[in-house]
Amino acid sequence: MDATQIASISPRLDAADERELARLIEAGVFAGHALEQDQSPCGASAEELRQVVAHGELAWQKFFEGNISLVRCVVARWVPVTHPDSEDLVHEGCMGLVEAIMRFDHTLGWRFSTLAWYLVSQQVAIAAVGNRSCGSGTVAHARRVARIERARSRASASRGAPVSDREVADLVGRSVEAVRRDLGQARRVEADQDILEQTIPDERPVHDVSFLSELADQERRVLELNFGIRNGRAQTLVQIAEHMGMSVSAVSRLKQRALRRGRALVHAELAA
């Protein structure tokens with residue numbers, strides 16, 4: 001089940017729900033620690049502690065699923081739902097959501113969304129810049145480009161026809177020169193990054209490659225060739241494309257997707 005399906009069937013949480021789930025999660029973490037240390041707080045048996053842990057895990061799942069719609073809302077501010085990077089950005093946003101759940105302090109009286117919106121937005125923004133979803137080199141520039149493209153997309157959809165740069169500039173309250181400058185910079189950044197990525201092998205050291213076995217065959221193969229993991233000879237994306245009989249852009253997408261999934265797997269293992 002993907003994030004869209006989860007968001008469509010998961011009930012929204014109110015403030016009382018958030019406090020109760022947060023208390024159950026905290027109790028579960030405490031009980032799990034007690035079991036690991038072979039302790040019996042308040043005379044609780046091991047079976048009672050395991051039940052508290054189970055309730056905490058269920059509360060975590062409900063808390064997470066109840067806020068998936070927030071993640072999708074943040075991602076929609078960057079790219080349309082139909083954008084090829086949309087699901088990848090949702091995945092990155094979910095990592096921010098996990099961090100928000102871990103840091104949420106229900107005793108302060110704040111709504112969870114206050115913290116979650118900030119952390120999810122930061123995670124999605126960094127990912128959008130990193131995988132060139134917005135063709136930008138900085139988060140600030142990426143935000144401006146995302147706002148421009150979002151305004152253009154909505155106006156085009158409502159009108160049923162293309163929208164000019166001048167009309168978009170009016171919609172976002174900026175000069176047409178500023179809009180064109182941001183869009184032009186985005187295209188230059190993306191073109192420069194493509195040229196570098198395609199013609200220079202990635203020789204950065206890769207210390208933890210245990211996640212490779214969890215990737216799809218093509219994703220694993222691209223990383224192995226690009227980083228020279230098996231034989232120590234790193235290849236460029238152009239060379240990999242020729243070797244695998246694919247386009248360079250397809251190989252680039254495979255690499256970016258593999259790195260994001262690998263990072264998520266490593267983070268999940270560390271958090272376990």
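Please read all numbers here as calculations on a predicted model, not as lab measurements. Numbering of residues begins at 1 and proceeds along the displayed sequence.
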same_hphob_cluster(Leu49, Val29) at 4.5 Å side-chain heavy-atom cutoff: no
Exercise: identify the closest heavy-atom pair between Leu115 and Ala100: CD2-O, 3.5 Å
Residue pair Phe112 / Ile101, side-chain heavy-atom distance below 4.5 Å: yes
From Glu65 atom CD to Trp60 atom CH2, the distance as rounded to the nearest 0.5 Å: 13.0 Å
Nearest non-hydrogen partners of Ala46 and Leu35, listed with the distance: O-CD2, 3.9 Å
Listed partners of Glu26 passing side chain to side chain contact (heavy atoms under 4.5 Å, CB included), at least two apart: His106
Within one Ile-Leu-Val-Met-Phe-Trp-Tyr cluster: Leu212 and Leu259, side-chain cutoff 4.5 Å: yes
Asp14 to Asp17 - nearest heavy-atom pair and separation: OD1-N, 2.7 Å
Rounded distance [0.5 Å steps], OG1 in Thr236 versus CD in Gln239: 3.5 Å
Contacts of Arg19 that satisfy side chain to side chain donor-acceptor pair (under 3.5 Å) - sequence neighbours left out: none
Val71 with Met102, same ILVMFWY side-chain cluster at under 4.5 Å: yes
ILVMFWY network linking Leu21 to Trp117, side-chain heavy atoms under 4.5 angstrom: yes
Non-neighbouring partners of Ala216 that pass side chain to side chain contact (heavy atoms under 4.5 Å, CB included), sequence neighbours left out: Glu219
Contact check, side chains of Met95 and Val98, non-hydrogen atoms, under 4.5 Å: no
Side chain Thr114, main chain Trp110, donor-acceptor under 3.5 Å: no
Pairing residues for Ser45 by the side chain to side chain contact (heavy atoms under 4.5 Å, CB included) criterion, not counting sequence neighbours: Glu47, Glu48
Contact list for residues 31-40, test side chain to side chain donor-acceptor pair (under 3.5 Å), sequence neighbours left out: none
Interatomic distance, Asn67 atom CG to Leu13 atom CG [nearest 0.5 angstrom]: 5.5 Å
With sequence neighbours excluded, residues passing side chain to side chain contact (heavy atoms under 4.5 Å, CB included) with Asp105: Thr107, Leu108
Side chain to side chain donor-acceptor pair (under 3.5 Å) partners of Arg166, counting only residues at least two apart: none
Results of side chain to side chain donor-acceptor pair (under 3.5 Å) for Glu224 - residues two or more places apart only: Arg230
Taking every non-hydrogen atom, the tightest pair across Val124 and Gly93: CG2-CA, 3.6 Å
Pairs touching residues 90-101 that satisfy side chain to side chain donor-acceptor pair (under 3.5 Å), sequence neighbours left out: Glu92-Gln123, Glu92-Arg263, Glu99-Arg103
Partner of Lys255 under side-chain contact (heavy atoms from CB on, under 4.5 Å), chosen from Leu225, Asn226, Ile240: Asn226
From NZ (Lys62) to CD (Glu18), nearest 0.5 Å: 14.5 Å
Rounded distance (nearest 0.5 Å) linking atom CZ of Arg72 with atom CG of Leu89: 10.0 Å
Student check: side-chain heavy atoms of Cys94 and Val120 closer than 4.5 Å: no
Hydrophobic cluster identity match, Phe63 and Leu58, side-chain contacts under 4.5 Å: no
For Glu214, all residues meeting salt bridge (Lys or Arg N to Asp or Glu O under 4.0 Å), sequence neighbours excluded: none
Which atom pairs, donor and acceptor, lie under 3.5 Å between side-chain atoms of residues 171-179 and protein residues at least two apart or in another chain?
| from | atom 1 | to | atom 2 | distance (Å) |
| --- | --- | --- | --- | --- |
| Arg174 | NH1 | Asp182 | OD2 | 2.6 |
| Arg174 | NH2 | Asp182 | OD2 | 3.1 |
| Ser175 | OG | Ala178 | N | 3.1 |

Ala59 versus Leu24, closest heavy-atom pair with distance: CB-CB, 3.6 Å
Residue list, side chain to side chain donor-acceptor pair (under 3.5 Å) with Glu242, at least two apart or on another chain: none
Audit row: Val52, His55, side chain to side chain contact (heavy atoms under 4.5 Å, CB included) steps and yes/no: CA-CA 5 Å; Val52 175; His55 290 319; 5.5 Å; no
Min side-chain heavy-atom separation Leu119-Leu97 under 4.5 Å: no
